[in-house]
Amino acid sequence: MRITENAVKRFGAANQIMKFCQEVAECQEAVLKRAEGRDSLNHVAEEIADLEIMLEQLAIIFHCESQVRHWKRQKLERLRKLTCD
């Protein structure tokens, strides 16, 4: 079992959904502060990592990991067309 699956199992879906919302806010704050020159790149990277971990847990909670992979491929292909053609 993956670490993220273990986290959902141990802490519970409801708790991890709330944690996700908290991590979104922390990442947003770090990015905005960095854009204003008031935060370190390292802190932004840390918050992005936290958010990526929580996003993986959300996909587990909502049983939509394959759909997320599908949409990510679709969105990246669209972005490739917009930027590389």
Side-chain angles (χ1 to χ4, degrees):
M1 188 173 287
R2 294 176 303 185
I3 295 168
T4 49
E5 290 172 329
N6 286 337
V8 170
K9 192 174 200 176
R10 179 170 184 162
F11 302 119
N15 184 69
Q16 294 310 88
I17 290 168
M18 294 300 292
K19 182 71 174 167
F20 164 76
C21 294
Q22 178 185 6
E23 292 298 343
V24 168
E26 289 176 9
C27 188
Q28 181 181 24
E29 181 180 16
V31 168
L32 289 172
K33 283 183 178 179
R34 178 66 184 171
E36 296 170 346
R38 300 186 299 123
D39 208 344
S40 71
L41 182 59
N42 190 58
H43 186 232
V44 171
E46 178 186 0
E47 293 302 337
I48 291 170
D50 286 344
L51 190 53
E52 286 182 350
I53 291 165
M54 295 311 301
L55 283 167
E56 187 174 330
Q57 290 181 60
L58 276 189
I60 292 165
I61 290 166
F62 293 113
H63 307 287
C64 62
E65 292 174 277
S66 63
Q67 292 98 318
V68 169
R69 285 190 299 274
H70 164 79
W71 283 108
K72 188 171 183 177
R73 282 191 305 272
Q74 294 288 329
K75 303 286 183 168
L76 286 171
E77 178 59 21
R78 179 174 177 246
L79 184 59
R80 184 195 66 75
K81 288 178 180 178
L82 291 171
T83 60
C84 298
D85 288 344

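Predicted model only: the values in this text are computed from it and were never measured.
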Between Q57 and T4: side-chain donor-acceptor atoms closer than 3.5 Å:
no

Hey, quick one: are [X] and [Y] part of the same hydrophobic cluster, counting side-chain heavy atoms closer than 4.5 Å, chains of contacts allowed?
| X | Y | answer |
| --- | --- | --- |
| I61 | V68 | no |
| V24 | V31 | no |
| L51 | I60 | yes |

Measuring from atom [atom1] of [X] to atom [atom2] of [Y], what distance do you get when rounded to the nearest 0.5 angstrom?
| X | Y | atom1 | atom2 | result |
| --- | --- | --- | --- | --- |
| I48 | C27 | CD1 | SG | 5.0 Å |
| I53 | L58 | CD1 | CG | 12.5 Å |
| C21 | E26 | SG | CD | 11.5 Å |
| F20 | N15 | CZ | CG | 14.0 Å |
| D50 | Q22 | CG | CD | 9.5 Å |
| R69 | C64 | CZ | SG | 10.0 Å |

Can a donor-acceptor pair be found, under 3.5 Å and without considering hydrogens, that links the side chain of R38 to the backbone of K33?
no

Expected output: side-chain Q16 to main-chain A13 donor-acceptor under 3.5 Å:
no

Side chain to side chain contact (heavy atoms under 4.5 Å, CB included) evaluation trace for E47 with H43:
CA-CA 6 Å; E47 293 302 337; H43 186 232; 3.2 Å; yes

Write down the atom of D39, the atom of A30, and the distance for their closest heavy-atom approach.
OD2-CA, 3.6 Å

Please determine whether the number of non-hydrogen atoms from other residues, nucleotides or ligands lying under 6.0 Å from atom CG of L82 exceeds 12.
yes

Residues E5 and R10 bridged, charged N to O under 4.0 Å
no

Please list all pairs passing the side chain to side chain donor-acceptor pair (under 3.5 Å) test where one or both residues lie in residues 70-79, with sequence neighbours left out.
E77-R80

